[in-house]
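Below is one structure, written out as C-alpha cells, with a few remarks after it.
In this chain, numbering begins with 1 at the start of the sequence shown. Keep in mind that this is a model prediction, so the values were computed, not measured.
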Amino acid sequence: MTGGRTRAWDDDGFDDAVPFLARLEKEDRAALLAAGRPLRYRARSVLLHQDEPSTHVLLLLHGWTKVTAIAANGYEALLALRGPGDIVGEGAAVSGRHRSATVTALEPVEAVVIDQGRFTAFLGSHPQVSLRLLSLTTDRQRSTDRRRLEWAALSVRERLAVLLLELVRTHGRRTEEGIELTIGLSQQEFAGSVGSSREAVARLLKELRARQVVATRRRRIVVLRPDVLRRIAGESAG
C-alpha cells in the first residue's frame, strides 16, 4: 500500500482472482463440462476469431491464452490473459453478436467446447450458473473500468512498468538470470496494452535493457531488476 492506496502493480491486473469454473458448485460445474466435448489446441493457434459469428463457448482446462482486439486502423491491444478455469466466447454466445476479440493459445491448451444453443439452454435451466456468469462479467467490467481510470494518470513508461510487474507476478518463472515471463508477447501487443505505439515501446525496452532492468529474447523477456520497475511504476503515486 502507498498512502493507504493499493498500488497499480498489486491489483488483479490480467489475472482474474476467481475464474468461472471455480465460482460454480461442484454439481453445476460437472454438468456444464458434461454438456461439451474436449478439444486440444497447439501453441499460437487461434481459438476464436474477432468479428466471426458466435457458434460456441470454450471452457479452458489447461494452458494460457491471450485475448486481443484490432481496431479499424490496425491498432492491436492485449485485453486479457485467460487460463485454467476461465470461460471465453460467452459474451457473443449470450448476446448473439459477432465476437469482439481474438483468443490465441500461448501454449498447448486443453478446453471443453459447448455449442451456443446448448450453452444458452443450460443457462436457462441453471439460474445459479447464470448468476455466477453475471458476477464474472461484472467483475471483469469493473476491473476494466478501474484500470482505465488509473492508467489515465500514468505515463507510457509507468504503464509499461506496471504491465511488466503484473506479468512477473502472474506469469513469471524464476531462473538463474532473473524472472522470465512464460508467455510470449510481441512489441505490438505490449504497445496496444499500454496505449502507445510499437516504436515508443521499443525505445522504452531498449532503455530498460541498457539499464540492465530487463533482458529481451524473441517474444521473451527476463526481468532482472523488478525493484527498478516498482520505482518507475510508483512515480505517479508521488
So which atom in I179 and which in P226 form the shortest heavy-atom distance, rounded to 0.1 Å?
CD1-CG, 4.5 Å

Student check: side-chain heavy atoms of Q141 and T138 closer than 4.5 Å:
no

Restricting to non-hydrogen atoms, name the atom on G192 and the atom on A77 that form the minimum distance, rounded to 0.1 Å.
O-CB, 3.4 Å

Tell me whether L33 shares a hydrophobic cluster with F20, the cluster being built from Ile, Leu, Val, Met, Phe, Trp, Tyr side chains joined at under 4.5 Å.
yes

Main-chain N/O of A35 paired to R118 side chain as donor or acceptor, under 3.5 Å:
yes

Heavy-atom neighbours of R40 CZ exceed 12 at 6.0 Å
no

Mind checking whether V168 and L181 have side chains closer than 4.5 Å, heavy atoms only?
yes

Between the side chain of Q50 and the main-chain N/O of I70, is any donor-acceptor distance below 3.5 Å?
yes

I'd like to know whether CD of E110 has more than 12 heavy-atom contacts from other residues, nucleotides or ligands below 6.0 angstrom.
yes

Could you report the tightest heavy-atom contact between S196 and A200, atom names first, then the distance?
OG-CB, 3.2 Å

Any chance you could lay out the side chain to side chain contact (heavy atoms under 4.5 Å, CB included) test for V162 and W151, step after step, and finish with the verdict?
CA-CA 10 Å; V162 169; W151 280 35; 4.0 Å; yes

For a quick test of reading the model, state the closest non-hydrogen atom pair linking I232 to A161 and the distance between them.
CG2-CB, 3.7 Å

Please answer: with hydrophobic residues joined when any side-chain heavy atoms are less than 4.5 Å apart, are L205 and V228 in the same cluster?
yes

Could you report the tightest heavy-atom contact between A105 and L47, atom names first, then the distance?
N-CD1, 3.5 Å

Taken to the nearest 0.5 Å, the spacing of E158 CD from L204 CG works out to 11.0 Å

Applying the 4.5 Å side-chain criterion to the ILVMFWY set and letting contacts propagate, would V156 and V213 be lumped into a single cluster?
yes

Interatomic distance, Q188 atom CD to E199 atom CD [nearest 0.5 angstrom]
8.0 Å

Taking L133's backbone N and O only, do any of them form a donor-acceptor pair with T137's side chain (distance below 3.5 Å, no angle check)?
yes

May I ask you to decide if E189's main-chain N or O and S193's side chain share a donor-acceptor pair within less than 3.5 Å?
yes

F190 reachable from V222 in the ILVMFWY side-chain graph, under 4.5 Å edges
no

Using a 3.5 Å distance criterion without hydrogens, assess whether the side chain of R29 forms a donor-acceptor pair with backbone atoms of L21.
yes

Tell me whether F122 shares a hydrophobic cluster with L24, the cluster being built from Ile, Leu, Val, Met, Phe, Trp, Tyr side chains joined at under 4.5 Å.
yes

Please assess D145 against R148 for the test salt bridge (Lys or Arg N to Asp or Glu O under 4.0 Å), listing each intermediate value before the final yes or no.
CA-CA 5 Å; D145 292 343; R148 185 179 296 115; 3.2 Å; yes

Within the 4.5 Å heavy-atom criterion, are T65 and L48 side-chain neighbours or not?
no

When rounded to the nearest 0.5 Å, the distance separating CG of L106 from NE2 of H171 is 7.5 Å

L185 and L167, any side-chain heavy atoms less than 4.5 Å apart
yes

Go through L224 and E177 one step at a time and tell me if the side chain to side chain contact (heavy atoms under 4.5 Å, CB included) criterion holds.
CA-CA 7 Å; L224 309 175; E177 186 179 11; 3.8 Å; yes

Minimum heavy-atom separation for I87 to F119, with atom names?
CD1-CZ, 3.8 Å

Donor-acceptor contact below 3.5 Å, side chain Q116 vs main chain A93
yes

Find out whether L229 and L208 are in side-chain contact, i.e. whether some heavy atom of one side chain is under 4.5 Å from a heavy atom of the other.
yes

Donor-acceptor check, side chain of R209 to backbone of T216, threshold 3.5 angstrom: yes or no?
no

Side chains of D115 and R37 in contact at under 4.5 Å (non-hydrogen atoms):
yes

Would the number of heavy atoms belonging to other residues, nucleotides or ligands and lying under 6.0 Å from CD of E52 be above 12?
yes

Donor-acceptor pair, D86 side chain versus G83 backbone, under 3.5 Å?
yes

Decide side chain to side chain contact (heavy atoms under 4.5 Å, CB included) for R157 and E207; before the verdict, give the C-alpha distance in whole Å, the side-chain angles of both, and the deciding distance to 0.1 Å.
CA-CA 10 Å; R157 185 168 180 264; E207 172 195 326; 3.3 Å; yes

Run the side chain to side chain contact (heavy atoms under 4.5 Å, CB included) check on R225 and R231 step by step: do they pass?
CA-CA 10 Å; R225 296 288 306 277; R231 287 200 296 272; 4.1 Å; yes

Please check if the side chain of R23 supplies one atom and the backbone of V18 the other of a donor-acceptor pair under 3.5 Å.
yes

Please check if the side chain of T104 supplies one atom and the backbone of K66 the other of a donor-acceptor pair under 3.5 Å.
no

Straight-line distance of L79 CG to S100 OG, nearest 0.5 Å
7.5 Å

Using 0.5 Å steps for rounding, measure from the CG atom of L39 to the CG atom of L60.
11.5 Å

In Å, rounded to the nearest 0.5 Å, how long is the span from CD1 of I221 to OG1 of T182?
12.0 Å

Does a side-chain heavy-atom distance below 4.5 Å link R97 with S54?
no

